[in-house]
Amino acid sequence: MTMDVHVRELRYFVAVAEELHFTRAAERLYVSQPALSKQVRALERQLGVELFRRDRHGVALTDAGTALLPHARRVLADWAEGAAAVESARAAQRSTLVVGMSTSPVRGGLLPAIRSRFTAAHPEAVVRLRQVNWEDPTAGLADGAADVAFVWLPLPGQDRFAWTVVAEEPLLVALPETHPLAGRAEIDFADLLDEPFLALPESTGPLRDYWLALDARDGRPARIGAEIASTEETYEALAAGLGVCLVAEGNVPLLTLGGVTARPVRGVTPSRYVLAWRREDERRPLVRAYAEACRRVTERA
């Protein structure tokens, strides 16, 4: 006996079993009576047994058909429940927006303002925040774990993404309060060339190069004091004197805790913090709506 039975065949069998009439069952299923009879015959061949007794008096279940009926009904019920669960998951996915970030955008209440504007336009949508460490500079966009993400430019594989600029900010250098340069009001990047720098993981590619300011070193390699993958690791490395690091103006409060200070730097390119998304998702309604909310909020800032 083969077990390769299709749900459709079971559905046809149950309809005939309940109607005990092929024409009425065909009408109920919106199929032709010959097509229905053909499918029932195919099921009987697969099972190697007759399910219905057909004669001039009508249609009746055989013992085998009677035995199969409750199991067929249970399979169809389970299948319907499974299909409903899948549809529910799909609906939840369509109405859920995952926002990735590696550094919280602590810029004048930016995140709550975007969320408020977005949910006012889409009250049915669920916004889920996903915090990642700095080993993934795309904050979940590259592997599809996030729908949109607050990230720093440049991004690896940048052509895959579109974005709207959240903030363009000057860079400061974070360093221990006891550092010889900490007493200056402003520091030339040339005076930092021999300093050990805290570096992002190598997996971040061009973003690591940016925060090491390789374009301002005239070909001189950066000295790496330690690798860091989170704000907490960065602060601990700074406080321990393992190196200095460049930091965007908006993120200075995250690092200038006890024992660490920051000073403006001359000679480096300003940072760009953006909300990014995959180009292939530009037409998704929730992605477009969140990007628009972000634009409106940053325009007013």
Side-chain angles (χ1 to χ4, degrees), residues 100-106 131-143 149-158 161 167-274 276:
M101 62 184 68
S102 54
T103 304
S104 180
V106 289
Q131 189 87 27
V132 302
N133 67 28
W134 296 344
E135 291 177 351
D136 177 7
T138 72
L141 287 181
D143 64 5
F150 290 98
V151 294
W152 298 95
L153 297 183
L155 288 170
Q158 193 157 289
F161 309 107
E168 186 167 330
E169 299 174 342
L171 296 181
L172 289 79
V173 60
L175 66 175
E177 289 180 344
T178 55
H179 194 284
L181 296 175
R184 298 188 185 180
E186 194 174 35
I187 299 173
D188 283 317
F189 186 73
D191 294 330
L192 297 169
L193 290 176
D194 294 324
E195 293 290 328
F197 266 67
L198 306 182
L200 293 176
E202 291 187 0
S203 62
T204 61
L207 193 60
R208 171 184 167 113
D209 295 345
Y210 170 77
W211 290 108
L212 292 173
L214 293 192
D215 63 347
R217 292 179 180 271
D218 294 325
R220 293 177 61 177
R223 289 180 58 203
I224 307 301
E227 282 198 353
I228 39 89
S230 68
T231 302
E232 294 75 15
E233 287 183 13
T234 305
Y235 171 73
E236 293 297 334
L238 288 167
L242 299 181
V244 303
C245 70
L246 297 176
V247 57
E249 184 178 53
N251 281 356
V252 167
L254 299 175
L255 296 177
T256 51
L257 307 175
V260 176
T261 189
R263 295 291 180 267
V265 180
R266 291 188 297 266
V268 289
T269 307
S271 65
R272 284 195 296 166
Y273 191 55
V274 304

Is there a side-chain contact between Val151 and Ser102, using heavy atoms and a 4.5 Å cut-off?
no
Less than 4.5 Å apart, side chain to side chain, heavy atoms only: is that true for Arg266 and Ile187?
no
Check for a donor-acceptor pair, side chain of Tyr235 on one end and backbone N or O of Gly258 on the other, with a separation under 3.5 Å.
yes
Would the distance check show the side chain of Arg208 and the main-chain N or O of Leu200 forming a donor-acceptor pair, the cut-off being under 3.5 Å?
yes
Report yes if some heavy atom in the side chain of Phe189 is under 4.5 Å from a heavy atom in the side chain of Arg217; otherwise report no.
yes
Taking Glu232's backbone N and O only, do any of them form a donor-acceptor pair with Glu236's side chain (distance below 3.5 Å, no angle check)?
no
I'd like to know whether Ser271 forms a side chain to side chain contact (heavy atoms under 4.5 Å, CB included) with Tyr210, so could you lay out the CA-CA distance, the side-chain angles of the two residues, the decisive distance to 0.1 Å, and finally the verdict.
CA-CA 9 Å; Ser271 65; Tyr210 170 77; 3.4 Å; yes
Any side-chain heavy-atom pair from Leu181 and Leu192 closer than 4.5 angstrom?
yes
Measure the spacing between CD of Glu195 and SG of Cys245 and express it to the nearest 0.5 Å.
12.0 Å
I'd like to know whether Val244 forms a side chain to side chain contact (heavy atoms under 4.5 Å, CB included) with His179, so could you lay out the CA-CA distance, the side-chain angles of the two residues, the decisive distance to 0.1 Å, and finally the verdict.
CA-CA 9 Å; Val244 303; His179 194 284; 4.2 Å; yes
Parallel, tilted or perpendicular: which one describes the rings of Trp152 and Tyr273, with boundaries at 30° and 60°?
tilted
Identify the two heavy atoms, one from Pro176 and one from Ala182, that lie closest to each other, and give their separation to 0.1 Å.
O-CB, 3.8 Å
Taking all heavy atoms of Pro201 and all of Glu135, pick out the closest pair and write down the distance.
CG-CG, 3.6 Å
Looking at side-chain heavy atoms only, is the closest gap between Pro137 and Pro156 below 4.5 Å?
yes
Check Thr269 against Leu171 and note the closest heavy-atom contact, atom names and distance.
O-CD1, 3.3 Å
Please report the interatomic distance CD1(Ile228) to CH2(Trp134), rounded to the nearest 0.5 Å.
4.5 Å
Are any side-chain N or O atoms of Thr204 and backbone N or O atoms of Leu207, one a donor and one an acceptor, separated by less than 3.5 Å?
no
Could you tell me the separation between the CG atom of Leu214 and the CG atom of Asp209, rounded to the nearest 0.5 Å?
4.5 Å
CZ of Arg223 to CG of Asp194: how many Å apart, nearest 0.5 Å?
7.0 Å
All heavy atoms of Val132 vs all of Ala139, minimum pair found to be CG2-CA, 3.4 Å
Donor-acceptor contact below 3.5 Å, side chain Glu168 vs main chain Arg272:
no
Taking the side chain from Arg263 and the backbone from Arg184, do they hold a donor-acceptor pair closer than 3.5 Å?
yes
How long is the gap from CG on Leu246 to CG on Asn251, to the nearest 0.5 Å?
12.5 Å
Would you indicate whether the side-chain heavy atoms of Leu141 and Phe161 approach each other to under 4.5 Å?
yes
Examine Arg220 relative to Phe197 and say whether NZ or CZ is less than 6.0 Å from the centre of the six-membered ring and inside a 45° cone about the ring axis.
no
Over all atoms of both residues, closest heavy-atom pair of Leu175 and Ala262:
CD2-CA, 4.5 Å
Report yes or no: does Asp136 contribute a side-chain atom to a donor-acceptor pair with the main-chain N or O of Thr138 at less than 3.5 Å?
yes
Hey, does Leu153 have a side-chain heavy atom less than 4.5 Å from the side chain of Gln158?
yes
Asp143 atom CG: more than 12 heavy-atom contacts under 6.0 Å
yes
Is Leu238 close to Leu255 at the side-chain level, that is, under 4.5 Å between some pair of heavy atoms?
yes
I need the Thr234 OG1 to Glu227 CD distance, nearest 0.5 Å.
11.5 Å
